[in-house]
4 protein chains.
Amino acid sequence: MFSYQIFGESHGEAVGVVMEGLPSGILLDEDFISREMERRRAKTGGLSTTRIESDIPKPLSGVYQGKTTGTPLCAVIANENTRSGDYFATQGLARPSHGDYTGFVRYHGCNDPRGGGHFSGRLTAPLVYAGAVAKLILKQRHIAVGAHIAQVGNVKDRLFDPVQLTEEDFAPLWAESFSVLSPEIGEKMKVEIQLARLNADSVGGVIECGITGMPAGIGEPGLTSLESILSRHIFAVPAVKGIEFGDGFALASMRGSQANDPMRMKDGKVVTETNRNGGILGGISNGMPVIFRVVIKPTSSIGQPQKTVNLDTMEDAQLVVKGRHDPCILSRASVVVESAAALALCEALL
Amino acid sequence: MFSYQIFGESHGEAVGVVMEGLPSGILLDEDFISREMERRRAKTGGLSTTRIESDIPKPLSGVYQGKTTGTPLCAVIANENTRSGDYFATQGLARPSHGDYTGFVRYHGCNDPRGGGHFSGRLTAPLVYAGAVAKLILKQRHIAVGAHIAQVGNVKDRLFDPVQLTEEDFAPLWAESFSVLSPEIGEKMKVEIQLARLNADSVGGVIECGITGMPAGIGEPGLTSLESILSRHIFAVPAVKGIEFGDGFALASMRGSQANDPMRMKDGKVVTETNRNGGILGGISNGMPVIFRVVIKPTSSIGQPQKTVNLDTMEDAQLVVKGRHDPCILSRASVVVESAAALALCEALL
Amino acid sequence: MFSYQIFGESHGEAVGVVMEGLPSGILLDEDFISREMERRRAKTGGLSTTRIESDIPKPLSGVYQGKTTGTPLCAVIANENTRSGDYFATQGLARPSHGDYTGFVRYHGCNDPRGGGHFSGRLTAPLVYAGAVAKLILKQRHIAVGAHIAQVGNVKDRLFDPVQLTEEDFAPLWAESFSVLSPEIGEKMKVEIQLARLNADSVGGVIECGITGMPAGIGEPGLTSLESILSRHIFAVPAVKGIEFGDGFALASMRGSQANDPMRMKDGKVVTETNRNGGILGGISNGMPVIFRVVIKPTSSIGQPQKTVNLDTMEDAQLVVKGRHDPCILSRASVVVESAAALALCEALL
Amino acid sequence: MFSYQIFGESHGEAVGVVMEGLPSGILLDEDFISREMERRRAKTGGLSTTRIESDIPKPLSGVYQGKTTGTPLCAVIANENTRSGDYFATQGLARPSHGDYTGFVRYHGCNDPRGGGHFSGRLTAPLVYAGAVAKLILKQRHIAVGAHIAQVGNVKDRLFDPVQLTEEDFAPLWAESFSVLSPEIGEKMKVEIQLARLNADSVGGVIECGITGMPAGIGEPGLTSLESILSRHIFAVPAVKGIEFGDGFALASMRGSQANDPMRMKDGKVVTETNRNGGILGGISNGMPVIFRVVIKPTSSIGQPQKTVNLDTMEDAQLVVKGRHDPCILSRASVVVESAAALALCEALL
């Protein structure tokens, strides 16, 4: 059975992933994997953190002559450019809305606090590597996963056409470091991010993700519904606080006559005329594009003074977070959401 | 390890559940279980289906002298009042936005189509039974789960106070068959439902669920995040198309300075002054109430003519759904969502 | 993913099983299933217990028009002919070498003690039902599972030819209620059993199991080795205390030059000239018959006085077991071992 | 939930393990871990392979200030002293009784063949590392695991006293590189191994393993029986072909009156006077020492000419294995069996 396990801490030796249940003989296209890693990598320009690393994944096992062997694949990514000093300056002070306090309780104070440790966004680097491997598996089945930034703060872009969406629509999103459907809206989003940064603040947003080429019949009613599988993987991405499929929360105010997707035959295949259910019915894919949106909360690490507690003394305290942080992770989140979705699909399909 | 498996078909002999990994010695309070079953049961009055059954769960194993033994507990609920004729009248015609077509593909045409078979809302009866058992386990740990109808169509009620919420707030919701915070809003919702029914239509809505008494430290970053576990179970509930924790999708347009929940000590315990993260940080509970909302799509079975396909002939067709259906399942969904959440918590805790 | 869950207690309402991940469209041949249930059923004649039941499994779900639907299949078998009085007479007295004491500790005294409760051999009835379903799945892939009594007490029969074994060799074993390769040895075994019974004693033995038609390439090195999967399922059978594959423990005193199975091509297929590895190499099937033997300990319930403890008072005590017991379960164990093996294979294959 | 995943290939960059579900705060005693690694390491003197490596495990994650953090722990061990040339000389020729052919089928010819790849005994290095971590967890619960060589070829040593066994009995076994209860028998075993080596042959044997300090009540009837859990892990060790608990296969020829372990109270605790069931009843530990034996087949790589097939041409062939091999792995297997058992216990306990 396909599964994966992410490991590592922000300021430890390395982060990485072990993948099990991979098909053998998958060519690990290095250019493609590099492109995916590059999409996630922080860049200069003020939209993301100034902690910039080379992020070159190194497979230790499970690859022979450039192809997967089918035995467990472990890949590691060295941590560079760690500056633990920033964190020791505020040691003991839990960052609000971050995993500092909950991790402290969960792991009895034993987890690595430096740079967020295992809670760090740094852990999305091996996730993107694993996602790239997953995408190469899906590609053999003509399944593609693409995402775009649908919203940053109050700036919203248009959404995917849930009926007509094809893999071709993804090409420009994959090519850009800031994946949006409307470039001019993208510029407004960037302004929103810069404004947040200049205010020592951060801002949230929404990623929309589409899956094309999905065959009908994947998933099951109950705990192995396609929505269950996808949401379990998507909520493994830090900062995600919600997911909706198809028309999602907008379905609450609809009548059934509006929300039901009329069905018909087209070229010998069952299709729907609308796709308000996001390609999933009864927990099972129906052959239409799978569509979902996830909300990403504003980065919790901000430069403004915040009320918090000191975990060493269990007293009230004030915190001004130091260290290098993203004012908005949306620009880097598209590929992360795609990756988590691709991994979920491999779990559902293999 | 705690797990459960729902089985059954709408018009088969029985529906039921097997639960594994239960603690031994849990008193199965029959009055409580009956109350929970009653909350889900269809009732007269036009708000739900006219298929009304007694729904008395019968444990076959795992119970001795009224208490759980710790070995697998199987309980069955007989199917009564089945009227398969309604379904045979439209045999082969896939109901739009229902699992008919996807189930046909997934199970190669072998699944039981009568009354929706394994895709039927009928399967939520054993889910509520299992949820009641789960709640009795949680009760020993002083954890309570309560839900209310937050929206029906365009009628919205106020939401839980995410900071002050206590188990006492749940009592009126558990006592009512139509669980709302504001009775006058509830009346408006009922009107919305009746209007839909009179139009041979249906309507969707939102359920909000709260968990009180949740200890800090439950869950983990990654695939076993508390959000991952909860969402996996919640999406096992038919008709759910989205879930959001805390402020959810509203976080997209917030700044970090607004979204971060300030922390402080209170009575020797770490608390937050707001609870926009819904009681979960880094995938782990922080000791505040856990809050999430789920969107329930309008019942897909409606009495209006719809475009569909005939699965026997693979040709376009028109369908007027017969059978007895809920114009809105929100009134019955509160206890179902609570149940799925209680089961998820048992998985996270045991 | 294929899995199953047995439930029930010896003197409860029913025993049963829920099976998940079944392929859809498997015809549940009732004659075959009855034959399998009959093989396990106690019979008159002194070789087994005098608790004789009809053991008719009743599917509650997952079956439509005689075929599996692919959704969870629950089947129950009513408990009849329970005589709890026998057990209450010795209540509190742990039967040596039985699960009475360990169950008491594991379940904090809450498990059902009547007739051994969930530890009873009665639970092998649903196991055989599930095994019959599994065999019907395997049959579609031309895989067959057969077992015979290889030893009872000091009486040993010859073993399977591990190279030449075919499904045809199983036919006489499946037809007989006392499955042996040599009928005359079988008679000696029966004498051994009768002697034990007349001495208010019991006797152990060995079951040998073969799997034919097994394709090469099933299993993996590590925790999902075919030996790991088979042994996990076989040790779920009560009274099993050991398992060996191929030449098993005899390999300890061999040299590699004896133990290695020479390989060659035969009809375009790789075969081995001997099969001392029991058809599994590196945790993976090699296409030869899979062969293993399991040891069944003597029935722990015997009529002789035994030293034990009283779990109510935690004092030393003497016990003379009442109730109806098998002097030897070997005659009923062949089909049980086959069933557990068939279920393990479904887990490995599906 | 506790789990682990071994990865790596014999001649790849590294072998390693990822462990999940570890308790936090376990001090990773480096001296102890080194001792365990040393026990497995090949040594000069003709009893094991001449491929000798330093085998220093390097944790990449999950450790902070010398203690487990509770987040996934990945440790890698570099591969040194690889001599792939030996293997390329016989490329395509499947070694009889090795995983070459089955791995070729399972992984469609894509797995790394050099030095046995993922099937190599080299993979037991990370297993021993993981086992050492597991033992440190068990030590906190006063549980100890010890094993000795009970048989090599036809030379047999005495067995553990299954009733009186204590952790003190393990100390000399842990200190020696050739773990036997009787040193003089050990010398005879070594002669047996040298004789095999001088004949370009190999020899098998039996390891006996004991677990002391095991609390009563661990395990369950069915697929989570303690025997199921232990056997699943033990059969993950290469070359293991059988396992028996307590008196094991000898129980076949016993009467119940011999095989049943009389029970009595001792110092307020339930004990048994004999321990023919190996400390497990009904799948659950009974508080007595857990005892089991495993058979290790003779090393399949031998220097004599063998009949085999060429996987490239699918023709008959003859093979003389080159490369460096152990004439007997028993001397290195004690710690490997202990490790697998310790990991199984962590799975059962955590």
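All chains are named by letter (A, B, ...) in the order of the sequence lines, taking the proteins before the strands, and each is independently numbered beginning at 1.
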Engaged part of A:Val15 at the chain D interface, taking heavy atoms whose separation is under 4.5 Å: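 Neither part.
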To see if you've got the definition right, give the donor-acceptor pairs under 3.5 angstrom between chain D and chain A.
{"unit_1": "D:Glu9", "atom_1": "OE1", "unit_2": "A:Gly62", "atom_2": "N", "d": "3.0"}
{"unit_1": "D:Glu9", "atom_1": "OE2", "unit_2": "A:Gly62", "atom_2": "N", "d": "3.4"}
{"unit_1": "D:Glu9", "atom_1": "OE2", "unit_2": "A:Thr71", "atom_2": "OG1", "d": "2.8"}
{"unit_1": "D:Glu13", "atom_1": "OE2", "unit_2": "A:Lys58", "atom_2": "NZ", "d": "3.2"}
{"unit_1": "D:Ser24", "atom_1": "OG", "unit_2": "A:Tyr107", "atom_2": "O", "d": "3.0"}
{"unit_1": "D:Ser24", "atom_1": "OG", "unit_2": "A:His108", "atom_2": "ND1", "d": "3.2"}
{"unit_1": "D:Lys58", "atom_1": "NZ", "unit_2": "A:Glu13", "atom_2": "OE2", "d": "3.2"}
{"unit_1": "D:Gly62", "atom_1": "N", "unit_2": "A:Glu9", "atom_2": "OE1", "d": "3.0"}
{"unit_1": "D:Gly62", "atom_1": "N", "unit_2": "A:Glu9", "atom_2": "OE2", "d": "3.4"}
{"unit_1": "D:Thr71", "atom_1": "OG1", "unit_2": "A:Glu9", "atom_2": "OE2", "d": "2.8"}
{"unit_1": "D:Tyr107", "atom_1": "O", "unit_2": "A:Ser24", "atom_2": "OG", "d": "2.9"}
{"unit_1": "D:His108", "atom_1": "ND1", "unit_2": "A:Ser24", "atom_2": "OG", "d": "3.2"}

Which atoms of D:Ile6 are under 4.5 Å from chain A, going by heavy atoms: the side chain, the backbone, both sets, or neither?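 Only the backbone of D:Ile6 comes within 4.5 Å of chain A.
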Between D:Gly16, D:Gly12, D:Gly103, D:Gly62, the one whose heavy-atom pairs under 4.5 Å with chain A are most numerous: D:Gly62
